Amino acid sequence: MTKKKIVLLDGNSLAYRAFFALPLLTNDSGIHTNAVYGFTMMLQNILADEKPTHILVAWDAGKTTFRHKTFGEYKGGRQKTPPELSEQFPYLRKLLTAYNIPQYELDNYEADDIIGTLSQLSEVDKSEVVVISGDKDLTQLASEHTTVFITRKGMTDIEKYTPLHVMEKYGIEPPQIIDMKGLMGDASDNIPGVPGVGEKTALKLLKEYGSVENVYKAIDKITAKKLKENLVENEQQAYMSKELATIEVNAPITISVENLSYDGPDMEQVADIYQELKFKTLLEKIAPQKAIEPQQAIDVGVLTNPTDEDFTDEMAIHIEMMDENYLTADIIGIGLADDNQVLYMSFAVAKESDAFKKWLQNPDNKKYTSDSKSALASLANQGMAIEGIEFDLLLATYIVNPSTSYTDVASVAREFEYTDVQQDEFVYGKGAKKSIPAQEAVAEHAGRKVQAIWKLRPIIEEKLKANDQFELYEELELPLAKILGKMESTGVKVDRDTLRAIGEELSVKLAKLEADIYDIAGEKFNINSPKQLGVILFDKIGLTPIKKTKTGYSTAADVLEKLESQHEIIGHILNYRQLGKLNSTYIEGLLKEIHEDGKIHTRFQQALTQTGRLSSINPNLQNIPVRLEEGRKIRAAFVPSEPGWYLFAADYSQIELRVLAHMSQDEKLIEAFRADADIHTQTAMDVFGVSTEEVTSDMRRAAKAVNFGIVYGISDYGLSQSLDITRKDAAKFIDTYLASFPGVKQYMDDIVVDAKMKGYVTTLMNRRRYLPEITSSNFNLRSFAERTAMNTPIQGSAADIIKKAMIDMAARIEAEGLQTRMLLQVHDELIFEAPEDEIEKLKLIVPEVMESALALDVPLKVDWAFGLSWYDTK
DNA sequence: GAAGTCACG
DNA sequence: ACGTACGTGACTTCT
């Protein structure tokens, strides 16, 4: 038989942890569910990661235990279990039953003792044991075969205590944890310990003497007067505390390891409980088909020879594809629906049908879609045009709440309690088994989607109007989808030979760097592996690690830069990393993405970011190198797609700070932009109290970092990192800045208060972002939400502005009858390609249109350039 | 699939 | 005392 793997969970401790770690969630039925939810999340991770053969959840039994005989006040002074938590225990037990996980409790004993006893029993046959708790006391059980997992903030983040880890962290062996508690006590269990002895002192004593007993044997050697006095006076209390903290490993349990064998959950039962508790995401994960099993039968009419009568002047339409990349996927078929019918055509039929194409092109026929950009671009790929799109389920849902980042109709629909659509994965399968099923099944699937679109439209439009977001949706996002679709199908021409030439140069340099690095290190290793690199740098060479990650030493660039002067290998590694990145992501990566037409067709995700920005995928063309010259050369491969044409690039100057000036109404900031001042220099003048001439480059650099910080929702730590100064100095900088720009300070204070009150923040065009964590009692979560509250209106309004500019530019290009094509958007810049004879016009039109996209109380400023490649637009 | 790293605004 | 800058996507390694 394979080796046993036994997982023992401390039920009460984990339930408490989950309860306090997560916000107090309530489901529709008014039951609080946060503890059950957190527990479940953790359990799922454990089952997946550890794959136990045996498992047990141990519970505390009743109020009194044998420890109360030793010390009446044991666990005294504890707050009563909150009723919101108590009510969750029955669900937890039920859930565990459904999981087929044994549970056990024993009169007079705590869960620790059950776990301790079982782990001791398992030591005999050397089984691997994992103990899981939220209580660090359990770490005393760590041994060669037993690892103790303690949950940290949240429930899924876990710290693993092996004897080695205990030694690294405390400098003592696991059994000495008991001695530590004996000396320092434990406030949460009301274990007294020795007054005046905390963790530091306890550990110092134990490192010197080894145990409580030995401390007292050597009591005369202790020179610190007060400490010695405390120890002497509390000797009995120290022994008692040690006893209380000791986990009983010989509890009279009536179960054995054999009773704990685990064969997996009863999925039916688990799904039922998830259903009862409304754990939607979990439900989906374990049983997608059950979770979304359509309730109602649907009658889909399959068209083989469509006529004009089949198409009405108002219909939902869905282009069915198996792959999410609509630019490369084949269209399988088309679903249509209105109040009276649900129809389906295979794409072969649709493509040959004049009746359908005529209907499709007629803007008077209103079309409601799930993802209009996908429809536009995929049909355009097939040489088909679609006009008259008036609803987009995906965009509308995104505007209502950007945090619902679904791309498929089934998920979007379920967000609105509409469950009559199946997941694509369920219909097509996944991985290697993914394939197109019989036409009936596709017809039904597509039919359910269009029906959902048809039925959900009024509900979601109502919601948009209620939130005063209908204009944002209808005047901004919907028209933008059409423009983006066109940009995607246009694509941008990329010269393979240029990329290959750069790639060859890189390969030569990389080979040399690699050889040099091996030479210096004295051995071959994988430079791309942070783990192996860490061993070479910090263990073999002996450099001092500056930062740690969850898994080991950090070898990130900012760390390596600090070490650069200490060893010649560092520079080579930084160089290797930089060039390696260029080669793998931008040479090899981009070459793979060039289509047969010699172009790259990225997709802009319009319903993804939390702020309203676009994102770009497959490939990402919004992060093509520019900051360093070596990388910037990549841009030389991006060229116009027609002979005699140019690329024309225009970018907003300081758009985020201009938005801040407008939104905060800070007089000085407004004045600076009206005077068209260099904003970083101006900031330096104000913060350092000097004149223009006195601003040094370091002062300007610092001011620039502060300006960035302000936009991000500043923290002293963040600024200290970016400027490599102390936190104190950073804090001083920030104070001085905010004193110089009182309007900004007022705005930042107000926005946080406002977000707490409303639960969300908004942009200039009324885009929303909900920030539920802004009222969290968890410092980190709350702080993060506060910074987000400060940043999102700025970043999001800038996104609104450039989106508006794109719509205006497309209209202007059309109105002027230009051949110019919009190709890319990179957050604050637009890239066009244009015939030479239109360049003069663009020089005028582009800045004019972009600068007047939205009238602010400060001017918007646009810089532009053109050239024969993207590299030359500088 | 997560973690680490690094490219962009 | 907490442990951080805001928003993204892609690649590599490693479990």
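Note on naming: letters A, B, ... go to the chains in the order of the sequence lines (proteins, then strands), and numbering restarts at 1 for each one. Source: prediction; values computed, not measured.
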Using a cut-off of 4.0 Å on non-hydrogen atoms, how would the nucleic acid contact of [X] be classed: base, sugar-phosphate, or nothing?
X	result
Leu614(A)	nothing
Ile624(A)	sugar-phosphate
Arg769(A)	sugar-phosphate
Val711(A)	nothing
Ala705(A)	base

Would you say a side-chain N or O of [X] is under 4.0 Å from OP1 or OP2 of [N]?
X	N	answer
Arg627(A)	dA7(B)	no
Arg787(A)	dC6(C)	yes
Ser615(A)	dG9(C)	yes
Gln578(A)	dT5(B)	no
Thr549(A)	dG4(B)	yes
Arg577(A)	dA7(B)	no

Whether Arg767(A) and Glu477(A) form a salt bridge (side-chain N of Lys/Arg under 4.0 Å from carboxylate O of Asp/Glu) is what I want to check.
yes
Protein heavy-atom contacts under 4.0 Å, written 5' to 3' over nucleotides 10-15 of chain C as B (base), S (sugar-phosphate only) or - (none), form the string BSSSSS
Expected list for residues 653-662 of chain A near DNA chain B, using heavy atoms below 4.0 Å, is none
Here the residues of residues 551-563 of chain A within 4.0 Å heavy-atom distance, strictly under, of DNA chain B are Thr551(A), Ser554(A), Thr555(A), Ala556(A), Ala557(A)
Integer angstrom distance from the C1' of dC2(C) to that of dC6(B): 29 Å
Closest heavy-atom pair, Ala521(A) versus Lys540(A), reported as atoms and distance to 0.1 Å, is O-NZ, 2.8 Å
Spell out, as yes or no, whether a donor-acceptor pair under 3.5 Å connects the side chain of Lys803(A) to the backbone of Gly612(A). yes
Where does the angle between the aromatic ring planes of Phe538(A) and Tyr553(A) fall among parallel (under 30°), tilted (30 to 60°) and perpendicular (over 60°)? tilted
| request: Assign the ring pair Trp870(A) / Phe638(A) to parallel, tilted or perpendicular, where the plane angle (0 to 90°) is split at 30° and 60°. | output: perpendicular
Residue pair His165(A) / Lys160(A), side-chain heavy-atom distance below 4.5 Å:
no
* Asked: Taking atom types as they are modelled, is there a donor-acceptor pair under 3.5 Å from the base of dC6(C) to the side chain of Gln795(A)?
  -> yes
